[in-house]
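Report on the structure given below.
Start at 1 and go down the list; that is how both ligands and their atoms are numbered.
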Amino acid sequence: MENLTVLGTGVLGSQIAFQAAYQGKEVVAYDLTDEILAKLTDRWEYLKPLYLRDLPDATPEKLDAAISRIRASSDLADALKDADLVIEAVPEVLQIKRDTWSKAGALAPSHTVFATNSSTLLPSDIADATGRPEKFLALHFANEVWRQNIGEVMGHAGTDPQSVDAVATFAEEIGMVPVKLKKEQPGYIVNSLLIPFMTAASKLFLHDVADVAEIDKTWRIATGSPFGPFEIYDIIGMETPYTLNAQSEDPEMREFAQILKRDFIDKGRMGRGTGKGFYDYE
Ligand code: NAD
């Protein structure tokens, strides 16, 4: 799989496109309009210093070569015409995903394999819309794909194992560590572990059992883990936990969401990205 098309060039789509191009793939980045695609220049300028900081083999020349392998297109037929693999990173809304895949399914070459980067939807929610369910699965990245380089590969019951293998190989070729799930699991592996853990930590905080630094320290020392839960909140940033918990069925977690909004988001304490969150980093 040498030709990748990425559908959606937001936070994750831009990172996936850049990472694949950095590892030598030919990439087409598709989004709805040329105005949105014009913002990709800013995305590359944002990513370049992070690659130079985090990856020992990164050089300005390699990063410019990566950008030269990415072609932007707002014409879906044109974007898909040479694709071996399509990775979709459009908004996390079922109907948008199904519409996008139904259009892509009608336009892409018959050999093209389709992968969604959805965090919360299951491949079986979308597979029939593609017109080629056997070639459809999930390849789930984590934010900051160049260093949080996990690639969770998850088919639905009807996915051809050859497509699973091909996508896992592709993920490895672009620098991910692929992990194949044997069955569909909401939240994959990472969020199946992370969300209950973060919920438990949030309740220790809500019940004022100990200060956040003490909770984090306990976890680090007792498990050898590099980060405690509130350090992880600062890495993730407050926006996603706020959105998830504001919709929780658990009233305590809805209360926690309001604290995230009032004491953190509204005060610009968004996490490490802004220099402060539960901790000050300056
Ligand atoms: P985002 O809002 O930053 O980007 C979405 C992009 O899709 C935008 O550029 C938008 O213009 C485009 N778009 C909207 N409708 C479209 C359509 N019909 N066709 C093509 N493009 C369209 O979103 P994001 O954070 O990059 O998330 C995208 C996907 O990645 C979601 O499924 C999300 O669950 C998943 N994901 C996100 C993260 C994260 O940390 N942000 C991590 C893992 C997975």
Side-chain angles (χ1 to χ4, degrees), residues 4-20 27-44 46-47 50 70 72-80 83 86-108 114-123 125-126 129-130 136-154 171 176 178-179 181 185-195 198 232-244 247 270-273:
L4 170 69
T5 297
V6 178
L7 305 180
T9 59
V11 175
L12 257 281
S14 62
Q15 291 181 20
I16 295 164
F18 194 81
Q19 176 68 19
V27 178
V28 181
Y30 166 83
D31 213 305
L32 294 173
T33 65
D34 290 334
E35 289 69 41
I36 298 171
L37 289 168
K39 293 185 200 147
L40 280 174
T41 316
D42 294 340
R43 300 259 187 207
W44 309 151
Y46 168 76
L47 290 171
L50 300 177
I70 305 172
S73 176
S74 60
D75 174 341
L76 189 58
D78 167 65
L80 293 170
V86 178
I87 299 178
E88 165 269 306
V90 305
E92 190 72 351
V93 176
L94 180 60
Q95 203 50 51
I96 295 180
K97 302 253 190 219
R98 288 183 61 90
D99 288 349
T100 303
W101 278 119
S102 132
K103 287 181 199 148
L107 292 168
F114 288 170
T116 179
N117 180 46
S118 173
S119 296
T120 60
L121 300 166
L122 292 172
D125 295 333
I126 304 169
T130 67
F136 181 71
L137 67 160
L139 172 58
H140 184 234
F141 295 83
N143 194 14
E144 308 208 333
V145 303
W146 64 95
R147 61 177 188 160
Q148 316 288 102
N149 59 335
I150 195 77
E152 296 186 276
V153 183
M154 182 172 86
M176 300 296 110
V179 174
L181 279 70
Q185 165 68 30
Y188 304 83
I189 295 172
V190 67
N191 285 332
S192 298
L193 294 168
L194 187 61
I195 291 177
M198 300 302 278
I232 295 175
Y233 270 128
D234 280 354
I235 292 169
I236 297 172
M238 302 303 164
E239 203 77 66
T240 304
Y242 167 72
T243 308
L244 277 179
Q247 304 164 28
M270 304 294 283
R272 267 194 184 188

### Query
Is there a protein heavy atom less than 4.0 Å away from atom 40 (O) of ligand 1?
yes
Contact region, Thr100 to ligand 1, non-hydrogen atoms below 4.0 Å, reads side chain
Ranked by distance from atom 36 (N) of ligand 1, the top protein heavy atom is Ser119 OG, 3.3 Å
Asn117 heavy atoms within 4.0 Å reach ligand 1 at atoms 30 (O), 35 (C), 36 (N), 44 (C)
Closest heavy-atom approach to atom 5 (C) of ligand 1 among Ser14, Ala89, Gly13 is made by Ala89
For Arg43, the salt bridge (Lys or Arg N to Asp or Glu O under 4.0 Å) test, sequence neighbours excluded, returns none
When every non-hydrogen atom of Leu40 is compared with those of Thr9, the smallest separation belongs to CD2-CB, 3.8 Å
Within 4.0 Å of some non-hydrogen atom of Leu32, the atoms of ligand 1 are 14 (C), 15 (N), 16 (C), 17 (C), 18 (N), 19 (N), 22 (C)
Under 4.0 Å from one or more heavy atoms of Asn143, ligand 1 contributes atoms 40 (O)
For atom 43 (C) of ligand 1, the closest protein heavy atom turns out to be Phe141 O, 3.2 Å
Could you label the plane-to-plane angle of the Trp101 and Phe136 rings as parallel, tilted or perpendicular, counting under 30° as parallel and over 60° as perpendicular? perpendicular
A side-chain contact here means heavy atoms from C-beta on lying under 4.5 Å apart; do Trp146 and Leu47 qualify? yes
re atom 4 (O) of ligand 1, the protein heavy-atom contact at minimum distance is Gly10 CA, 3.2 Å
Next on the checklist: For a side-chain contact (heavy atoms from CB on, under 4.5 Å) check, start with the C-alpha distance between Asn143 and Gln148, then their side-chain angles and the critical distance, and finish with the verdict.
Outcome noted: CA-CA 7 Å; Asn143 194 14; Gln148 316 288 102; over 6 Å; no
- Message: If I apply the N/O under 3.5 Å rule, does Leu12 come out as touching ligand 1?
- Response: yes
min-distance protein heavy atom vs atom 20 (C) of ligand 1 -> Val90 CG1, 3.4 Å
Exercise for review: Return yes or no for this condition: an N or O of Lys97 is under 3.5 Å from an N or O of ligand 1.
Suggested key: yes
Under 4.0 Å from one or more heavy atoms of Asp31, ligand 1 contributes atoms 8 (C), 9 (O), 10 (C), 11 (O), 12 (C), 13 (N), 21 (N), 22 (C)
Logged contact type for Ile36 with ligand 1, heavy-atom cut-off 4.0 Å, is side chain
Exercise for review: Ignoring hydrogens, tell whether any protein atom lies closer than 4.0 Å to atom 23 (O) of ligand 1; use the non-hydrogen atoms only.
Suggested key: no
Here the pair of heavy atoms bringing Ala142 nearest to Leu12 is O-CD1, 4.3 Å
| Taking N or O atoms only and a 3.5 Å limit, does Val11 qualify as a polar contact for ligand 1? | yes
Heavy atoms of Val28 and Ser73 approach each other most closely as CG1-CB, 4.1 Å
Q) Donor-acceptor pair, Asn117 side chain versus Ala89 backbone, under 3.5 Å? A) no
Here the atoms of ligand 1 under 4.0 Å from any heavy atom belonging to Pro91 are 5 (C), 7 (O), 13 (N), 14 (C), 15 (N)
**Report entry** ligand 1 contact by Gln15, heavy-atom criterion under 4.0 angstrom
**Finding:** no
Checking Val179, Leu181, Leu137 against Val153 for side chain to side chain contact (heavy atoms under 4.5 Å, CB included), the one that qualifies is Leu137
When every non-hydrogen atom of Ser74 is compared with those of Thr33, the smallest separation belongs to CB-C, 3.9 Å
So for Tyr30 against ligand 1, with non-hydrogen atoms under 4.0 Å, the contacting part is side chain
Which of Met154, His140, Glu152 passes side chain to side chain contact (heavy atoms under 4.5 Å, CB included) with Ile189? It is Glu152
For Glu92, the ligand 1 atoms with a heavy-atom partner under 4.0 Å come out as 31 (C), 32 (O), 33 (C), 34 (O)
Salt bridge (Lys or Arg N to Asp or Glu O under 4.0 Å) filter on Glu92, not counting sequence neighbours, yields Lys97
